[in-house]
Amino acid sequence: MPGEEEYRGRAWYRRTFEALKEWDSQIVRIEFEAVFHSASVWVNGPTRRCHLRKGYTSFILDITRTCRLGAPNAIVVQVDNSFDGSDAAAGVDPVDWGA
């Protein structure tokens with residue numbers, strides 16, 4: 001149906017948060033419950049971490065070293081749900097996956 005198509009491609013998200021000084025000597029992690037299909041994550045700068053071509057899967061990143069305690073922090077996430085038939089699991093018809 002026209003207007004009912006799902007968006008395919010890249011999207012960006014940005015969020016800021018305060019890392020408490022009380023987190024010193026603790027491990028700081030962020031958890032993504034699911035990302036389809038790929039994600040690149042930046043925390044406070046140019047170092048990028050990737051979760052690529054994984055389907056709807058969760059992942060956790062340890063951001064302890066990049067957190068600025070007692071200061072604002074920025075998380076930037078680029079997700080890409082582009083999809084083609086080669087991404088489908090073995091034995092699965094790519095048409096069922098929206099390719």
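Considering only residues two or more places apart in sequence or on other chains, F59 meets the ring-ring contact (aromatic ring centres under 6.0 Å, His included) condition with F32, H51. Listed by chain and number, the residues in a ring-ring contact (aromatic ring centres under 6.0 Å, His included) with W42 are W12 (sequence neighbours excluded). Judged as a side chain to side chain donor-acceptor pair (under 3.5 Å), and not counting sequence neighbours, S40 has no contacts.
Around atom OH of Y13, no more than 12 heavy atoms belonging to other residues, nucleotides or ligands sit under 6.0 Å away. For E33, the CD atom is loosely surrounded, since the number of other residues' heavy atoms within 6.0 Å does not exceed 12.
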Donor-acceptor pairs under 3.5 Å, side chain of residues 60-80 to any protein atom, not counting sequence neighbours: which ones?
residue, atom, partner, partner atom, Å
D62, OD1, T64, N, 2.9
D62, OD1, T64, OG1, 2.6
T64, OG1, V28, N, 2.8
T64, OG1, V28, O, 3.4
T66, OG1, I63, O, 3.1
R68, NH2, N44, O, 3.4
N73, OD1, N44, ND2, 2.6
N73, OD1, R68, N, 2.7
N73, ND2, R68, O, 3.1
N73, ND2, A71, O, 2.8
D80, OD1, S82, N, 2.8
D80, OD1, S82, OG, 2.6

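Clustering of Ile, Leu, Val, Met, Phe, Trp and Tyr side chains at separations under 4.5 Å leaves L52 isolated, with no partner residue.
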